Amino acid sequence: MGTRARMSVRGVVQGVGFRPFVYRLAREHKLTGWVRNTSGAVEIEVEGDKNAVTSFLKIFEAKAPPRASIETLDTTFYPTKGYTGFEIRDSLSQESEYQLVSPDIATCEDCRREILSPGDRRYRYPFTNCTNCGPRFTIIQGIPYDRAATTMRAFVMCGECQQEYEDPLDRRFHAQPNACPICGPRLELVDSNGTVIACDDPIAATSELLQQGKVVAVKGLGGFHLVCDATSGPAVMRLRERKGRHAKPFAVMMESLEEIEQHCVVSREERELLLSPECPIVLLRWRHRASRISPAVAPNLCYLGAMLPYTPLHHILLRDSGRPLVMTSGNISGEPLAKDNEEALARLGDIADYFLLHDREIHVRCDDSVCMVVDTPQVLRHARGYAPSPISLHFKSKQILACGAELKNTFCFTKERHAFLSQHIGEMDNEGTIEHFADTIALYQHLFRVTPELVACDMHPDYASTKYAHILAKKQGLTLTAVQHHHAHVVACLTDNGVEGPVIGVAFDGTGYGTDETIWGGEFLIADRYKFERVGHLEQVPLPGGEAAIRRPYRMALSYLYTLLGDDVSLDGLSLSKIDPAERDVIRQQSRQRINAPLTSSAGRLFDAVSALIGVRDKIDYDAQAAIELEMVALGRSGERGIYPILLDRANEMQVVRLGSLFAQIVKEIRDKVPAAIIAARFHTTMAQATARVCTAIAGNRGLKRVALTGGVFQNRLLLRLTTAILREEGFTVLTHNRVPCNDGGISVGQAVIANFKHQ
Ligand code: ZN
Ligand code: ZN
Ligand code: FE
């Protein structure tokens, strides 16, 4: 008895070797029929013996290729048609249909073996890939995913490549970026004027330059990296000076997991993350004493951002260089990554001595992703390997564009049960990034066939993303929803956990626009996907000089002291006494009279202030530096049990965490010569305890047992660990972030979900 099964498979099923898998499986079962890609799905018809069809269907999902992810599989049965063979049919393009696009995938083991095997026809070929690995999202211009819709269109396959491409039993069957040294993209080494350096092997030549301490801009998958020898202090310092990036940590690429383990402590979860096809930068505990990596790579930090090679070019370069390499974003601080050859030469010409270029065009920029593991992995920068895989929603969403925040911007499109969180776009304070933002929105809209019904943005009127949202909504006559910043943080966390709420949301970050025209950032909300209520916050103090107080944390320290301990507080014995008396007077005036000094309840600023007060960091070179270094100092005494007094003030149903006695005690301990590490550790414990006390007070009234911890301050692992532990002891369920960043890079997800429920 024969039968015919018609299947429609949705999910990440294109660009991952799906059709060859179906072909092989059908042949193994002696079935006839066909498979094809459409814009929305992979469609299959198989017919033959009933038992064979049943067995085919039974093992279908379990045997699917490793990078595929099946979301839905619909099967219907019909009488047989009498197919004589099994074929792969031409793709069908459908106007309104969409399907998921695979992110870029790190080089697979088979390809790695080939490029490192002398004698293989792809030996040392830097653009080797197959259906299990290689570029995807960064080269794709349209769907269905075929070579003609990618930037590989420019290269015509040679006979041998074509044969692999057409052979259903080959690993490169329908591998769209398939290439070899004969027919594929090529490398070229040039100097900073663009003059070609004659050499047989540009990668070998590059590795020699790196060993000499040169800075080389290397074109990668989603943009350029600036590369130098990570074990050479002078090379790293040269890169720092030229990039104008004096302290912000650089990421390091190392040849193997074994090498990373020589320099860093790697847990099982961290190892899995490093070796995953997403291949992110993972923040690891750095074994300073055992490591030859220059301390200048990540000054004053106990963590090192490490990653493994993820393209053949990287594998060969790392092997040739024989040492860890700094691989930092090829941009001028704040601007987007350089992605085109000309652009790189123009923008990075003053930073890099040489450029390793190639002629495969990058269609969309994508930085390296950054993750950390605290119990479970958390994505801190959502980019290569993750975008544009959707986050699953537990409800059917309207089509919405949420424009995100100002710093660490991402945007998010929702459609059906998907939230397409974009890759990290960057700081929206320059033309280049705003353009990149608009271009990438257009790409997502095209790839996923989204037509927004609603637009969402932050409440902050001056964010470039807010302005973009206003213009778009007006132009297309769409309803605009302005979402409160910390509400968006909490709902981003809920969505990441597939939870509806209500929960107690603890949103600790640097800055967010409050509904009362003050600056929020140390917030306790009761929130769900519809609404929120502010039920608590950290004590407010003036932010003297606005932005200036963020760049110079000592201003915050003075603001806390003047506001909480009085204008006439003595600075004797404190490092703050070294600040120019005239500047101190200005800050005192600003704090008292609130001139150019808006009130803030920011947790980020509180950590900054304590950092400056105890002499850890009084001026910063990168975002959150003072708070990060405070955490590092505290880690030196993480067993410390002491705690500072905190008063909870319950005025008008609002829990306010009073900080006066905390500062008084810290000042006293500084004068008593208590080491900074002990004070820093006690401060962290105190903040965790205070957070738990507020949550308990709120829960008592409302019967809520779940707490969501969100906001950029929870990238502080010590704080996150302590707070989670105490809350659990108190009987709370604690929600933390996973795939959606807890920092402003996750805001857009919360905005979209809130807009959806507001307009049900
Ligand atoms: Zn491969
Ligand atoms: Zn070829
Ligand atoms: Fe924020």
Side-chain angles (χ1 to χ4, degrees), residues 15-17 20 65-67 102 104-116 120-122 125 127-136 147 152 155-166 170-173 175-186 277 279 310-312 315 380 404-410 458-460 463 465 483-493 505-514 519-523 525 550 600-605 623-624 709-715 737 740-751:
V16 289
R67 299 309 301 147
S102 167
D104 300 307
I105 309 167
T107 309
C108 75
E109 212 27 61
D110 290 333
C111 287
R112 199 181 77 94
R113 204 173 309 118
E114 287 173 359
I115 57 166
L116 300 177
D120 191 282
R121 79 184 193 95
R122 287 191 174 83
Y125 181 58
F127 303 95
T128 302
N129 65 82
C130 73
T131 43
N132 298 320
C133 75
R136 298 287 186 273
R147 191 172 177 107
M152 281 302 289
F155 303 91
V156 179
M157 274 184 273
C158 69
E160 252 180 290
C161 285
Q162 189 70 36
Q163 226 166 38
E164 294 165 341
Y165 184 86
E166 285 169 7
D170 196 283
R171 204 171 89 245
R172 299 199 164 87
F173 176 68
Q176 305 304 343
N178 190 24
C180 79
I182 312 281
C183 64
R186 276 164 212 215
C279 201
Y310 57 86
T311 68
H315 280 289
L380 301 178
E406 175 81 351
L407 302 178
K408 299 189 168 66
N409 175 277
T410 59
D458 196 272
M459 271 184 179
H460 201 305
Y463 281 5
S465 55
V483 178
Q484 201 282 321
H485 189 91
H486 303 95
H487 186 205
H489 270 306
V490 175
V491 174
C493 184
V506 182
F508 282 180
D509 67 357
T511 306
Y513 195 80
I519 299 170
W520 294 8
E523 309 309 309
L525 312 179
I550 299 175
T600 186
S601 51
S602 166
R605 296 295 88 78
D623 183 41
L709 300 180
T710 185
V713 168
F714 283 109
Q715 291 174 102
H737 283 257
V740 179
C742 66
N743 56 50
D744 282 9
I747 285 277
S748 58
V749 174
Q751 290 173 348

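Remember, it's 1-based here, ligands and their atoms both numbered in the order they're listed. All figures in this text were calculated on a predicted structure; none of them were measured in a lab.
Among the heteroatoms counted here (N, O or S) of D509, OD2 is the one nearest to the Fe ion (ligand 3). Looking only at its N/O/S atoms, D744 has OD1 as the one nearest to the Fe ion (ligand 3).
Using a 4.5 Å heavy-atom threshold, the side chains of E160 and C180 count as separate. Side-chain contact between D623 and K408 is present, with at least one heavy-atom pair separated by less than 4.5 Å. Side-chain contact check for T131 versus R67: every heavy-atom pair is 4.5 Å or farther apart. The shortest distance between side-chain heavy atoms of D744 and H489 falls below 4.5 Å.
The Fe ion (ligand 3) has H485 among its coordinating residues (N/O/S atom, backbone or side chain, under 2.8 Å).
A donor-acceptor pair is defined here as one N or O able to donate and one able to accept, closer than 3.5 Å; no such pair exists between the side chain of E523 and the backbone of V506.
Among the candidates C133, P277, P66, the single residue satisfying the side-chain contact (heavy atoms from CB on, under 4.5 Å) test with C108 is C133.
Taking the Zn ion (ligand 2) as the corner point, the angle from C180 atom SG to C158 atom SG is about 110° (rounded to 10 degrees).
Residue R186 qualifies as open at atom CZ: its count of foreign heavy atoms under 6.0 Å is 12 or below.
Around the Zn ion (ligand 1), the protein contributes the following N, O or S atoms under 2.8 Å, ordered by chain and number: C108 SG, C111 SG, C130 SG, C133 SG.
Going from atom CG of N178 over to atom CE of M157 covers 6.0 Å, rounded to the nearest 0.5 Å.
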